[in-house]
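Throughout, a chain's letter reflects where its sequence line sits, starting with A, and its residues are numbered from 1.
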Amino acid sequence: MLKSRLSGFIFQLIAFFLALGFVSLILVAVGASPFDAFKNMLNGSIGSMRKFAEVLVSFVPLLLVTAGLLITFSAGLWNIGVEGQIVLGAIGTTWVLRLFVDSSVHPAIVIILSIFGGMAAGALWAAFAGALKTFGGVNEIFGGLGLNFVSTALTLYLIFGPWKREGVASMSGTEPFPDVFALPQVPDLRISLWSLAIAGVAILIVYFILQGTYFGLKIKAVGKNIRAAYLLGIPTWQYSLYSFLICGALAGAAGALQVTAVYHRLIPAISSGYGYLGLMVAMLVNYQAIWAIPVALFFAALNIGSIQLPILMHLDSSLSGVLQGVLVLFVLLTEGVRQKFVKKV
Amino acid sequence: MRTFFARLAVMAMVLAFVLSACGAQAPATEEVTAPDTAPDTAAEPFVFGMLLVGPYNDNGWSQAHYEAGKYVEEKLGATMLYLDKVNPADRPGTTPDQLGEELVAQGAKLIIFNSDDMKDAATTFAKAHPDIYVIMASGDQVWADGMAYEAMPNMVNIMGRMEYGKMMAGCAAALTTETGKIGYLGPLINDETRRLASSAYLGAKYCYEMAGNDPASLEFKVTWIGFWFNIPGVTLDPVQVSNDFYTTDYDVVISGIDNPVNLGEAAKLKAEGKNVAGVAYDYVAACEAAPDVCIGVPYFNWGPDYVRTIKSAQDGSWKSEFIWASPDWADINNPDTSAVGFVKGPALADDAAAKLDDFISELAGGLNLWSGPMNLQDGTAYLADGEAATDQQIWYLPQLLEGMEGLSASE
């Protein structure tokens, strides 16, 4: 066991350096110094308190989404629809905020209600994907992808239609909400400790569900072998749906925080790609909830650090996306190699 | 399997070697990437930052700003930092005020927000950083007589009076169209885009009549794509919109978006034997993308006003103001004095070019097309007979004008 842990770690380290090497080759090919690029990205993510706060802003939704995906992964489900579930979370939150924006209800209560509204909307959207799979026989990957497109269309409809700014038709987004409806932030920094706490609690809950509860065990059983689970008396489709609901609620929370803590309005790109990024993080950590924290933090740091590339080196910042993607590929690849290698030995 | 592992290890070592080799080279590269310091200024160069909504080389709106930044560097010995593609689709998870702070962290003392899309963020930024100068291009936040006024001592708004440029664009289109149908490729709908599309219509109607046609028979249709440029899956595809225009007898299409994609579509159709043309927008050299079909480009020349404003930040004479700069009527294409210009394209016929010159002279002589009688699209009277529109009436035009086809607001 220990040996397999150790070899797993070594192989992941190899994968990490392979990914770095691959990106370095790309950089060399375009005539840039990889050393400078990595240095600038490092500086750009942890070079100052302000920058690290930006990393945390990106980390919060990523961790929430990853937490949710760990549940669906454990249940053997590829919840690609998580992107749309974030969007619906944002829509739900915006809807609740709009209901109360002119009311006399205390803003703190409105914010709390709106976050729950977002979680409910995200869960509902996930339930659609789950229902399509359970009752319609539609693979959750295709159902989820379809629902992602629908969620984008719905956002655009709302922004250009019922929720448009007065006299304006632009995908720039809805009218920003008054400052009182924003989650309180640390002075001079953009991060809200509330959203950080929500994400932290979420990953802990997911950790305990998966490690320490009978419920989590059943979800894992469904994921490992759905037939066996069924024969053992686990109501399998219900547990699939439960995992969808939990994931949707957490993705919805991510969307809710994008509205209440980051953008303060609804914009078309409100999900910011955190759903797809979360899928990568969840794949990397391989069902181990605790590892989601450092890996999500690392991915968030790459997101924020890479902004330095166009500013300082006139390189495209999508390089961070390449690094993230390549990293996942190499980890999966070396994991495959390791399993063969370990078996042989 | 051992050999496979060994091979992997060798590969890793080779890559590590490549990495370290690159690391060793780093100092040489660093010299190249370090900001140029102007040799003729003794003091440290003034650093300003620019956030561009589109790519810096978009052949349109953002490129015009980028070139103006280069102009400032040259004239003032200042140094520009810039970040392009500042929009939520290209830089997910970021906000313009956050990206502005990234430029400040690199030493910028003044930040230019170049798009209407960054208006709210520019306000947030200006309030959060009273010690940093802010230029918000195309905005009206610090227009004391405007409808969105907020006192922000560190902000200046700059916009060119593109209404004139658009009138010239409309005029060139009207003098070129054979079908009497002009298409306008609109971005999103707001005050700015309504008044600019309407200005193009006013110029078109005027010149259509000047050429001996019945202005009432001129068809002028606006189709809005939803943003300043194409975002796949989010906006309408401007190439498709252009194609729809050209294939339904709108033989001239005026671009109102951040880049002249209509020209590319026109060039394609022209190669197939269709007699079509287009007007570009924003950037002085935009016609070069497709000279055979380009009949002209109204463009912004941000340089002179950026130089003036950034200089005022340098020498301490800065004051918050709203600048709505006119063309220099002595020479609208003077790069050092005119905020708005118009370059005739190679596809503009000679007689049309001559008539357009006449029109420009009339504008220079005081011709005001923004005068009554003028009705809004739904027929309500906007200006009485002989009444000239105020700046506010032009800037905050609530609808398109009577006679124009297309949406005045979102449905």
Side-chain angles (χ1 to χ4, degrees), chain A residues 14 17-18 20-22 24-25 27-28 32-36 39 44 47-48 50-51 54 57-58 61 149 152 156 160-161 164-165 167-173 176 188 190 258 262-263 265 267-274 303-304 307-308 310-314 317 334 337 340-341 344-345, chain B residues 1-2 4-5 8-9 11-12 14-16 18-20 22-26 28-30 33 49 81-85 87-89 91-95 97-99 101-103 105-106 116-117 119-120 128 187-191 194 224 226-228 231 233-235 396 398 407 409-411:
Chain A
I14 291 173
F17 281 106
L18 283 175
L20 274 189
F22 184 82
S24 301
L25 287 178
L27 284 165
V28 171
S33 151
F35 180 77
D36 279 0
K39 190 187 74 185
S48 70
R50 187 187 64 75
K51 282 171 176 160
E54 301 293 355
V57 170
S58 180
F149 281 106
T152 305
L156 290 173
F160 281 98
K164 66 172 183 278
R165 298 174 84 153
V168 171
S170 164
M171 66 137 260
S172 291
D188 296 326
R190 240 180 297 276
Q258 286 287 92
V262 182
Y263 286 106
R265 58 185 169 145
I267 60 170
I270 193 79
S271 66
S272 304
Y274 289 129
N303 271 8
I304 298 303
I307 294 168
Q308 303 302 320
I311 296 176
L312 294 177
M313 300 174 75
H314 300 285
S317 57
T334 53
V337 170
K340 274 191 169 176
F341 172 68
K344 282 275 168 76
V345 173
Chain B
M1 219 56 231
R2 278 236 169 104
F4 191 79
F5 179 66
L8 260 183
M11 250 170 83
V14 168
L15 282 169
V18 170
L19 257 178
S20 59
C22 298
Q25 279 169 12
T29 330
E30 233 164 36
T33 51
L81 296 169
Y82 73 93
L83 185 62
D84 65 351
K85 297 195 269 186
N87 64 76
R91 301 204 181 278
T94 64
T95 54
D97 43 324
Q98 167 195 351
L99 297 173
E101 287 176 6
E102 293 294 343
L103 297 181
Q106 298 299 334
D116 149 82
D117 192 47
K119 193 172 161 185
D120 301 317
L188 46 88
I189 312 179
N190 67 9
D191 294 328
R194 269 190 297 265
W224 309 101
F227 196 59
W228 299 103
I231 298 176
V234 174
T235 62
Y396 300 110
L407 295 176
S410 181
E411 271 176 325

Interatomic distance, [X] atom [atom1] to [Y] atom [atom2] [nearest 0.5 angstrom]:
X: A/Gln308; Y: B/Leu83; atom1: CD; atom2: CG; answer: 9.5 Å
X: A/Glu54; Y: B/Thr94; atom1: CD; atom2: OG1; answer: 9.5 Å
X: A/Ile311; Y: B/Leu103; atom1: CD1; atom2: CG; answer: 4.5 Å
X: B/Trp224; Y: A/Ser170; atom1: CH2; atom2: OG; answer: 11.5 Å
X: B/Thr235; Y: A/Phe160; atom1: OG1; atom2: CZ; answer: 8.0 Å

Problem set entry | Contact winner vs chain A - B/Leu99, B/Asp120, B/Asp97, B/Asn190, heavy-atom pairs under 4.5 Å | B/Asp120
Problem set entry | Residue B/Lys85 versus chain A: region with a heavy atom under 4.5 Å |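 For B/Lys85, the contact with chain A is made by the side chain alone.
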For this session: Name the region of A/Leu156, side chain, backbone, both or neither, that has any atom closer than 4.5 Å to a heavy atom of chain B.
Result: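 Contact with chain B: side chain only.
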Problem set entry | Interchain contact, A/Ile304 with chain B, by part (heavy-atom threshold 4.5 Å) |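 Contact with chain B: side chain only.
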Exercise. Given A/Val57 and B/Gln98, is the side chain to side chain contact (heavy atoms under 4.5 Å, CB included) satisfied, shown in steps?
Worked result: CA-CA 11 Å; A/Val57 170; B/Gln98 167 195 351; over 6 Å; no
Please report the closest heavy-atom contact between [X] and [Y], naming both atoms and the distance.
X: B/Pro92; Y: A/Tyr263; result: C-OH, 4.4 Å
X: B/Leu188; Y: A/Ala169; result: CB-O, 3.1 Å
X: A/Pro310; Y: B/Arg91; result: CG-NH2, 3.8 Å
X: A/Ser272; Y: B/Gly93; result: OG-N, 3.1 Å

For this session: May I ask you to name which of A/Gly173, A/Ser58, A/Pro176, A/Pro61 has the most heavy-atom pairs under 4.5 Å with chain B?
Result: A/Pro176
Exercise. Is there a donor-acceptor pair closer than 3.5 Å between any side-chain N or O of A/Arg50 and the backbone N or O of B/Ala105?
Worked result: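 Not confirmed, A/Arg50 side chain does not pair with B/Ala105 backbone.
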Problem set entry | Lys/Arg-Asp/Glu bridge criterion (N-O < 4.0 Å) met for A/Lys51, B/Glu101 | no
